[in-house]
4 protein chains.
Amino acid sequence: MEIENSNSYGRKNPRALKIRKAAYELITEVPFEDITMTAIAERAGVAKGTIFNYFRNKEDIFMAISLTGYQYFCEEIEKQLAEIEIKDKVELKQFLLEQTQTLVQEYQIIILINSLRRFSLEAHADPIQTEEGRTRIFLLINNIVKEAVKNIPDVDLSEIRHAFIIQGAILNGMLNFGNLDQVNNIQFNMAMPDMVVNVVDESINLFSLYLDSILFKK
Amino acid sequence: MEIENSNSYGRKNPRALKIRKAAYELITEVPFEDITMTAIAERAGVAKGTIFNYFRNKEDIFMAISLTGYQYFCEEIEKQLAEIEIKDKVELKQFLLEQTQTLVQEYQIIILINSLRRFSLEAHADPIQTEEGRTRIFLLINNIVKEAVKNIPDVDLSEIRHAFIIQGAILNGMLNFGNLDQVNNIQFNMAMPDMVVNVVDESINLFSLYLDSILFKK
Amino acid sequence: MEIENSNSYGRKNPRALKIRKAAYELITEVPFEDITMTAIAERAGVAKGTIFNYFRNKEDIFMAISLTGYQYFCEEIEKQLAEIEIKDKVELKQFLLEQTQTLVQEYQIIILINSLRRFSLEAHADPIQTEEGRTRIFLLINNIVKEAVKNIPDVDLSEIRHAFIIQGAILNGMLNFGNLDQVNNIQFNMAMPDMVVNVVDESINLFSLYLDSILFKK
Amino acid sequence: MEIENSNSYGRKNPRALKIRKAAYELITEVPFEDITMTAIAERAGVAKGTIFNYFRNKEDIFMAISLTGYQYFCEEIEKQLAEIEIKDKVELKQFLLEQTQTLVQEYQIIILINSLRRFSLEAHADPIQTEEGRTRIFLLINNIVKEAVKNIPDVDLSEIRHAFIIQGAILNGMLNFGNLDQVNNIQFNMAMPDMVVNVVDESINLFSLYLDSILFKK
DNA sequence: TATGAATGAGCGTTCATTCAT
DNA sequence: GATGAATGAACGCTCATTCAT
């Protein structure tokens, strides 16, 4: 069977969804390299072979999770935007920071999976599907930004679009450099308070600084 | 046999060094999961069995690389500090931004390897050695900061120490979220300029904003 | 469901024909074990499940190709015989050598597939269909021989029938032992001219010697 | 570990020998495609992984069997030649026919495995090792022929070397086209005596005709 | 009768790890 | 301490076969 690709990574296919969901759950429990296709199949309640009808390999599944997850995040923003009115830069910043909070609280894993991009995912995932997924996200961000600033003159759309990337970067970095005083959730003997990162607050704080610099630069 | 641990991760042992060096080279060429112990042994010019005298497993090697690499970065800073005098907050900021530039340009891989921490390294690396390495880094940062601000009143040492973490986080995030318009270094068809990250400039810019916020807050 | 067997190996059924044709094409391109039912189905333009309405498995398809192919060869001889008159042993030999030429030039694959008989086909093909196919060929040869020698006294029909087997054997052997100076059509560095077999000429020559020995033995 | 290749296909290595021996036994019992690496390993009394230290894959093992087996046959001939004296063409023919008898009786499987060359072995076996093995055989035949005809004037060495190939071809063909009245050693209902091949006698007879044609052509 | 998504047993192969030398 | 051949558990993945539509 052709690998399902009418909708990038079989996004709407219920079986592909079950598989992505199972893998998503597993990555919260088990190190990436210890997740086996067998385990994903069992968790998803499908046959092992079925996975390969939808995904090339394990990396492909996680690339799909990353892309569909972020896409979902964008679609939620779109829905919210349809119901509110952003009147000025202060409200825009406020709106974007609220999204950051949502992202860090509800999409942490999605953001973290991007850490595997360079060293794992990209080398093995389907490049076509990856491009499709990224392009879809790119277009969604574009729509979101257009809608968000439609009432605000004097805003550089390009900078706001770019801010979405920086938002992800900040979050991802904070997650990767947080908890350096633990290994596998086990605290070190020596207290190292300055090594600890409060991911939510510090991400929002840093992104806020960034937004100020592009929105309110003199 | 006891795994060599008098000096964390056999830091000074020439054989352990060759092994770390080989693995470091390989990660710039090959996806993490495709790096085998055999390949590392061959590249290092040692027998496969020898690796296991120094490291528990592959993750252990990369954890060691990450820690000894960053430790080396800190030691270089120490050396520099011994030769200069930092007189005020402006010079302090200047100094820290210069370090950021060094870090992003010469230690990219070291920073990137931290992306594997959560999903790969911590679960398999030797927790004792990891703790030792992190503690050593913690103490180095502590010394650096003390030395750096010794002439500047009115600086919160804790905040500067923490800034080192934020520096790493920013860099790591930028690296993970850069080049989203490529897969495996192959550019997408559709141009997506706002998705592109200039890692060096934007990291320094963002870290600069952060330093301003802690050094010059009203 | 009964596998279609009114006519051995669904010989006249257009779908079975398409399947055999697809497999025949594939064996000229791909090693036997690398030919999958999926590939055959795709090439044939039928669903994978459809194949199993006509053939038990891959071996069954190739057994069918071998038998229907050789049967077709025999039927062509029959047609030719209907239009000519063989008057003596010299003409008989001449006629048989012409058939050999046809066989080696147009039915090479059919002959070669017999190489798989022992180690692959017979163990998995449908024995009933195989017997049917072979019997049909046996009867065809019988008819051909009767027709061919009807004007020639003093010829042992049994020996001529047997010559058909020897003809196949010679051809098959020559094909299997030809080109030993190549692997996968790549010539060896060292020239080994005496290892090279000119399949057409040498097959005809050897078969000619054989026919002489049975037709003109003193 | 490098695949052992100092001596083509680890010919002298006792472990490689055990593996080839196990595979050789299995092919007399089980269809080629039903022979698994697991079964070979078990039969050989080695770990599955060990097989891959010596052979690339299953095809490689059988290519090795075919080549080392025939090489052994040649070496035996060499030994015999060292002890006898061939004085004329009649004795040469006699000698070659005796070798044919040995070949058909003791090396049937070796000859038969060549049937897999085209459709299985060559595509997957190690081409370097294959070339090495064939070259070694080529040189052995060359030596044998030189030694065999050293006392006989007026013999074309090239033709005698070529006769070794034809000998193999005849044998292989006879084996592949023998017993067409059986499937898996089960006799058909209808008796088809002319389809039956007496492999030993008919091979020797046909090769004898061939030798006459090259040795005693007028 | 044709289809093709789902299946899952079982394959070849890998590779971290061991341990006799 | 270094070696590297042997190991074998465990992996990803295949693909013939089924069967509901």
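By convention in this document, chain letters (A, B, ...) are assigned in the order of the sequence lines, proteins followed by strands, and residues within each chain are numbered from 1. Since the model is a prediction, treat every value here as computed from it, not as a measurement.
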Any chance the rings of Phe62(D) and Tyr24(D) have centres within less than 6.0 Å? no
Quiz item: cation-pi between Lys18(A) and Tyr54(A), 6.0 Å / 45°: no
On the side chain of Lys48(D), is there an atom forming a donor-acceptor pair with the base of dT13(E) - under 3.5 Å, no angle test? yes
Spacing between Arg56(A) atom CZ and dT14(F) atom P, to the nearest angstrom: 11 Å
Nearest whole Å is fine: how far is dA6(F) P from Asn13(D) CG? 7 Å
State the dot-bracket string of DNA chain E. Criteria: Watson-Crick or G-U wobble, both atom distances under 3.5 angstrom; notation: ( ) intrastrand, [ ] crossing earlier pairs, | interstrand, . unpaired. .||||||||||||||||||||
Contact nearer the 5' end of DNA chain E, comparing Gly49(A) with Lys58(D): Gly49(A)
Are Glu59(A) and Glu33(B) side-chain neighbours, meaning at least one heavy-atom pair lies under 4.5 Å? yes
With sequence neighbours excluded, residues passing side chain to side chain contact (heavy atoms under 4.5 Å, CB included) with Ala39(C): Leu26(C), Thr36(C)
In residues 36-44 of chain D, what residues come within less than 4.0 Å of DNA chain E, judged by heavy atoms? Thr36(D), Met37(D)
Ile35(D) near the nucleic acid: base, sugar-phosphate alone, or nothing, with a heavy-atom cut-off under 4.0 Å? sugar-phosphate
Taking the minimum atom-to-atom distance to the side chain of Phe52(B), which one of dG1(F), dT17(E), dT3(E) wins? dT17(E)
Pick the closest DNA chain F nucleotide for Asp34(A) and for Asp34(C) by heavy atoms, then say which residue is nearer the 5' end. Asp34(A)
Closer to the 5' end of DNA chain F via nearest nucleotide, is it Ile51(D) or Ala47(B)? Ala47(B)
With respect to the phosphate group of dA6(F), does any side-chain polar atom (N or O) of Arg15(D) fall under 4.0 Å of OP1 or OP2? yes
Salt bridge between Glu122(C) and Arg118(C), side-chain N to carboxylate O under 4.0 Å? no
